[in-house]
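Just follow the structure's listing: the first ligand is 1, and inside any ligand the first atom is 1.
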Amino acid sequence: MTSYDVLIIGGGHGGAQAAIALRQAGFTGSLAILGAEPHPPYERPPLSKEYLAGEKEFERLLIRPLGFWTERAVELLLGHKVTAIDPTAKTVTREDGAAFGYDTLIWATGGTPKRLSCAGFERVHTIRDRADVDRLLRELPAVKRVAVIGGGYIGLEAAAVLRKLGREVVLLEALDRVLSRVAGEPISRFYEAEHRAHGVDVRTGTGPDSIAPEGVKLGTGEILPADLIVAGIGIDAAIGPLAKAGAETGNGVHVDEFCRTSLADIYAIGDCAAHENKFAGGARIRLESVQNASDQANTVARAIMGAPAPYAATPWFWSNQYDLKLQTVGLCQGHDDLVVRGDPAARSFSVVYLKAGRVIALDCVNMVKDYVQGRKLIEAGAAPDKAALADATVPLKELLPS
Ligand SMILES: Cc1cc2nc3c(=O)[nH]c(=O)nc-3n(C[C@H](O)[C@H](O)[C@H](O)COP(=O)(O)OP(=O)(O)OC[C@H]3O[C@@H](n4cnc5c(N)ncnc54)[C@H](O)[C@@H]3O)c2cc1C
């Protein structure tokens, strides 16, 4: 049985960055990434953006060229899932029966898209990996009408691309506004209006009752005709083998500030790792972002190299829809007040979220300056005057405490 000093399970953003950071920090031990997908590590965000739009071919999504991994002696063991971990023997077993040993294990498996539970759900596409999008693209030439279920970032991005590709699109959101889990009402209403202006039939407060041969059937009996149905309704953390091995889990696998699980020598990072985050008031959360996967990978690399530093990175995120670039910094959950800077009608504005008077997050639409300067307000725990915050002619950097 082959054994590695560090074995990384999952070759996505977190897994790739863990290997990169270890080699950058001078790690000379044996190192492998064992990934379920047959591809070398690639960027996931373009899957609902440029890759779906046909504007970027797959090779341009690779996180590093193939040669990088061989040059750095990072072995890629691709195409099979890990199905079991033995934390006492320090081995993992794949679905094909092959077993590998480890000294240190990094679990970086991301998540699995939630599926609808209604009748006909088998017909519904999801967008999580390259195979999902390739499947969707194969069907697309024969498709005129698309139903998107879920008004989160992935659903909205897919809707924007599919409109651009000339398809009729209806978007269903179960709650009373899109993006309700991740953004304040001004952002939700702005994006609903944008999508409607681009011809998307946005319907909130409704969802599928079942999937009929001719489209999506609502609870009212109405059938929305659709040749293709895509759901973006969230993910479940991919932690089955870890849970079976006895790791502490909840919504994700529990990790401490160094991304250590409750099992000896097993770390977990990225979408699957439930950690206590100071930007969420210390609550245990999972973050689904490239920032979080990469920064947690760096945290683990430091810990393995004997220079541990607790994970405390400022969360940030982006979403591209039409010609709109949304940049988010901080976490807005738990805000008790908000301020809109600039005019949404001008398609360039920011929403600043406050809690007990302090800035905790910003959503910036085509407002790069606010994004850059607002981050400093969050990190400083600034409590600026609301009138000054609302005045878009006042640069945010001027509101930093002296
Ligand atoms: C369509 C889409 C658009 C997105 N857009 C943005 C964006 O604009 N901005 C942003 O910040 N974030 C975005 N994200 C989120 C971001 O891509 C994720 O947060 C990030 O990829 C998480 O990295 P990860 O390493 O935790 O998981 P992933 O990148 O998902 O990698 C996990 C890998 O592990 C593999 N795996 C799973 N189980 C096993 C197993 N048992 N054995 C072996 N391998 C396994 C998976 O196949 C996968 O390859 C987007 C995600 C998607 C799907």
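- Backbone and side-chain nitrogen or oxygen atoms of K49 are examined, and one is located within less than 3.5 angstrom of a nitrogen or oxygen of ligand 1.
- The nearest non-hydrogen atom to atom 53 (C) of ligand 1, considering only V290, L47, I127, comes from I127.
- For ligand 1, the atoms sitting less than 4.0 Å from at least one non-hydrogen atom of A293 are 22 (C), 23 (O), numbered in the order shown with element in parentheses.
- Ring geometry for Y4 against F100 counts as tilted: the plane angle lies between 30° and 60°, on a 0 to 90° scale.
- Of the listed residues (K81, E288, Q291, E157), the one carrying the non-hydrogen atom nearest atom 15 (C) of ligand 1 is E288.
- A salt bridge between E222 and R203 is present, with a side-chain N of the basic residue lying under 4.0 Å from a carboxylate O of the acidic one.
- With F58 as the aromatic partner, R60 does not meet the cation-pi criteria of under 6.0 angstrom to the ring centre and within 45 degrees of the ring axis.
- At under 3.5 Å, a nitrogen or oxygen of H13, whether backbone or side chain, sits near a nitrogen or oxygen of ligand 1.
- A salt bridge does not link R177 to E173: none of the charged nitrogens lies less than 4.0 Å from a carboxylate oxygen.
- The nearest protein atom to atom 42 (N) of ligand 1, hydrogens excluded, is given as V82 N, 2.9 Å; this is a heavy-atom distance.
- Salt bridge present: D271 and R128 bring a charged side-chain N and a carboxylate O closer than 4.0 Å.
- In terms of protein heavy-atom proximity, atom 24 (P) of ligand 1 is nearest to G14 N, 3.9 Å.
- Annotation: atom 4 (C) of ligand 1 to nearest protein heavy atom, P45 CA, 3.5 Å.
- A heavy-atom separation below 4.0 Å is not found between D129 and ligand 1.
- Considering each of G35, A36, G110, the one bringing a non-hydrogen atom nearest atom 45 (C) of ligand 1 is A36.
- Using a 4.0 Å cut-off between charged nitrogen and carboxylate oxygen, D201 and R196 do not count as a salt-bridge pair.
- A donor-acceptor pair is defined here as one N or O able to donate and one able to accept, closer than 3.5 Å; no such pair exists between the side chain of R189 and the backbone of A193.
- Polar contact with ligand 1: absent for C272 (N/O pair, distance under 3.5 Å).
- Contacts with ligand 1 closer than 4.0 Å are made by heavy atoms of both the backbone and the side chain of W318.
- Here's the thing with W107: none of its N/O atoms is less than 3.5 angstrom from an N/O atom of ligand 1.
- Atom 26 (O) of ligand 1 has its closest protein heavy atom at D271 N, 2.9 Å.
- Ligand 1 places these atoms under 4.0 Å from at least one heavy atom of I9: 42 (N), 43 (C).
- A salt bridge links E157 to K49: at least one charged side-chain nitrogen sits closer than 4.0 Å to a carboxylate oxygen.
- Remark: the backbone N or O of K325 is paired with a side-chain donor or acceptor of N366 at under 3.5 angstrom.
- Checked for salt-bridge contact, D370 and R341 meet the test: a charged N lies under 4.0 Å from a carboxylate O.
- Here the shortest heavy-atom distance to atom 47 (O) of ligand 1, taken over Q327, R44, E37, R286, belongs to E37.
- Taking every non-hydrogen atom of S48 and a distance limit under 4.0 Å, the qualifying atoms of ligand 1 come out as 1 (C), 2 (C), 3 (C).
- Taking any N or O of H80, backbone or side chain, none lies under 3.5 Å from an N or O belonging to ligand 1.
- Against a heavy-atom cut-off of under 4.0 Å, S289 is close to the following atoms of ligand 1: 11 (O), 12 (N), 19 (O).
- F258 has its ring centre no less than 6.0 Å from the ring centre of Y267.
- Salt-bridge check for E55 with K164: passed, with a basic side-chain N closer than 4.0 Å to an acidic carboxylate O.
- Close contacts between ligand 1 and G270 involve ligand atoms 26 (O) [criterion: under 4.0 Å to a heavy atom].
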